[in-house]
2 protein chains.
Amino acid sequence: MISNKCKYAIRALVHIANNEQDDRAVMTSDIAREQQIPRKFLEIILRELRNNRILESKRGKDGGFRLLRAAEDISLTEVMRIIDGPIAMLPCVSLNYYRKCDECEEESCEIKAVFEQVRDRTLDILNGQTIKSLTLS
Amino acid sequence: MISNKCKYAIRALVHIANNEQDDRAVMTSDIAREQQIPRKFLEIILRELRNNRILESKRGKDGGFRLLRAAEDISLTEVMRIIDGPIAMLPCVSLNYYRKCDECEEESCEIKAVFEQVRDRTLDILNGQTIKSLTLS
DNA sequence: ATATATCCTATCTATTTAGTAGTATTTATT
DNA sequence: AATAAATACTACTAAATAGATAGGATATAT
């Protein structure tokens with residue numbers, strides 16, 4: 001399962017992509033209201049996305065958030081990894097958060113082989129998805 | 001991520017499948033030692049698998065656990081759902097543990113559509129795997 | 001009777017999840 | 001310069017989950 005936080009992050013980014021016009025930033029409070037996300041929690045999420053170079057922010061009056069890159073250049077996997085960490089179902093098959101099994105010999109591990117397949121088919125789908133592909137237009 | 005508990009469950013079942021001979025039951029302590037799983041924790045797991053009709057148990061001397069069905073009739077998904085619950089990445093796309101989203105219209109939800117694909121490709125792989133297919137032989 | 005296995009109830013600690021509260025800082029406008 | 005309005009930051013909290021452990025009850029082969 002992906003976390004609620006991650007679902008919020010995706011919805012917030014899609015909302016920003018749908019509402020960026022001219023170069024006006026989108027405010028946390030607008031996203032919170034329209035997407036029904038707790039405002040203070042959303043603040044934390046947006047800041048985290050900014051720290052990871054998905055968003056840029058502007059403080060003070062008329063402040064808010066904008067995508068740092070084009071929506072088609074932000075993949076779903078990138079967002080999911082920032083917010084939730086590994087996508088794989090086992091640490092020993094994770095590409096970005098690999099950790100060794102202590103109990104099994106990995107070369108001959110049948111369980112590992114299965115979850116490598118799951119990882120590959122999952123990434124086939126998720127890598128192809130971007131914030132752009134999730135917008136209305 | 002699947003839990004450690006679930007990985008233990010799978011390894012324990014594969015161990016039982018590999019070590020069932022004649023009609024001798026396999027003891028918790030043997031599995032615990034050979035698979036390096038904490039014994040008391042493993043007891044809970046095996047009992048849970050028994051309560052869900054994956055295993056049968058025999059108490060007392062010469063007691064232990066046996067598969068209730070043939071190893072090729074126990075799918076990986078069945079075990080995973082018993083121990084960890086849903087396999088899908090979102091409650092609203094889970095086949096066995098469905099829960100409605102409260103914030104989005106499901107018919108038009110782009111996020112849901114993506115994670116339905118992930119679910120289908122994941123189940124394509126996991127439904128094809130059984131305790132038998134994970135054994136040595 | 002006894003040794004040995006599962007069964008059951010209760011408990012525990014650490015981590016993660018999902019937030020909330022309050023203050024500091026920055027910026028546009030007047 | 002003052003003010004209003006936005007993000008930035010620090011700290012805290014409650015509930016759930018993960019990953020176990022402890023101890024006694026019960027069943028069974030010998």
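Hydrogens, waters and symmetry mates play no part in the numbers below; they use all other heavy atoms, side chains included. So that the names make sense, note that chain A is the first sequence line, chain B the second, and so on, each numbered from 1.
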Check your understanding: Hey, quick one: are Met80(B) and Phe115(B) part of the same hydrophobic cluster, counting side-chain heavy atoms closer than 4.5 Å, chains of contacts allowed?
Key -> no
Check your understanding: Ile31(A) has an atom CD1; how far is it from atom P of dA6(D), in whole Å?
Key -> 13 Å
Review point. Are any of Arg50(B)'s side-chain N or O atoms less than 4.0 Å away from OP1 or OP2 of dC8(C)?
Key: yes
Check your understanding: Ile44(B) near the nucleic acid: base, sugar-phosphate alone, or nothing, with a heavy-atom cut-off under 4.0 Å?
Key -> base
Practice item. Verify, without hydrogens or angle tests, whether Arg81(A) (side chain) and Gly85(A) (backbone) share a donor-acceptor contact under 3.5 angstrom. Key: no
Exercise for review: Report the distance from atom CD1 of Ile83(B) to atom P of dT17(D), rounded to the nearest whole Å.
Suggested key: 15 Å
Practice item. Answer yes or no: is there an ion pair linking Arg24(B) with Glu20(B), defined by an N-O contact shorter than 4.0 Å? Key: no
Exercise for review: Could you state the atom-to-atom distance from CD1 of Ile45(A) to P of dG19(C) in whole Å?
Suggested key: 8 Å
Check your understanding: Do Arg59(B) and dT26(D) have a side chain to base donor-acceptor pair shorter than 3.5 Å?
Key -> yes
Review point. Starting at CZ of Arg47(A) and ending at P of dG19(C), how long is that distance when rounded to a whole Å?
Key: 16 Å
Review point. Under 4.0 Å between a side-chain N or O of Ser3(A) and OP1 or OP2 of dT16(C)?
Key: no
Review point. Which whole-number value in Å describes the distance from Ile2(B) CD1 to dT17(D) C1'?
Key: 16 Å
Practice item. Please figure out whether Val26(B) or Gly60(A) has its closest DNA chain C nucleotide nearer the 5' end. Key: Val26(B)
Exercise for review: Report the nucleotide, chosen from dG19(C), dT21(D), dG19(D), that has the shortest atom-to-atom distance to any side-chain atom of Asn4(A).
Suggested key: dG19(C)
**Study point:** Lys5(B) vs Gly64(A), nearer the 5' end of DNA chain D by closest nucleotide
**Key:** Gly64(A)
Exercise for review: Inspect the contact between Glu34(A) and Arg11(A) and indicate whether a charged nitrogen and a carboxylate oxygen are less than 4.0 angstrom apart.
Suggested key: no
Review point. Got a donor-acceptor contact below 3.5 angstrom from the Arg69(A) side chain to the Ile74(A) backbone?
Key: no
Check your understanding: At under 4.0 Å, does any side-chain N or O of Tyr8(A) touch on OP1 or OP2 of dA18(C)?
Key -> no
Point to revise | Thr28(B) side chain near dT6(C) phosphate (N/O to OP1/OP2, under 4.0 Å) | key: yes
Review point. Closest nucleotide of DNA chain D for Met27(A) versus for Lys61(B): which of these residues is on the 5' side?
Key: Met27(A)
Review point. Just how far, in rounded Å, is P of dA18(D) from NZ of Lys7(B)?
Key: 15 Å
Point to revise | Gap between atoms CE and C1', on Met1(A) and dT16(C) respectively (whole Å) | key: 16 Å
Check your understanding: Under 3.5 Å, is there an N or O donor on one side and an acceptor on the other linking the side chain of Lys40(B) and the base of dG19(D)?
Key -> no
Point to revise | For atom NZ of Lys58(B) and atom C1' of dT30(D), their distance in whole Å | key: 12 Å
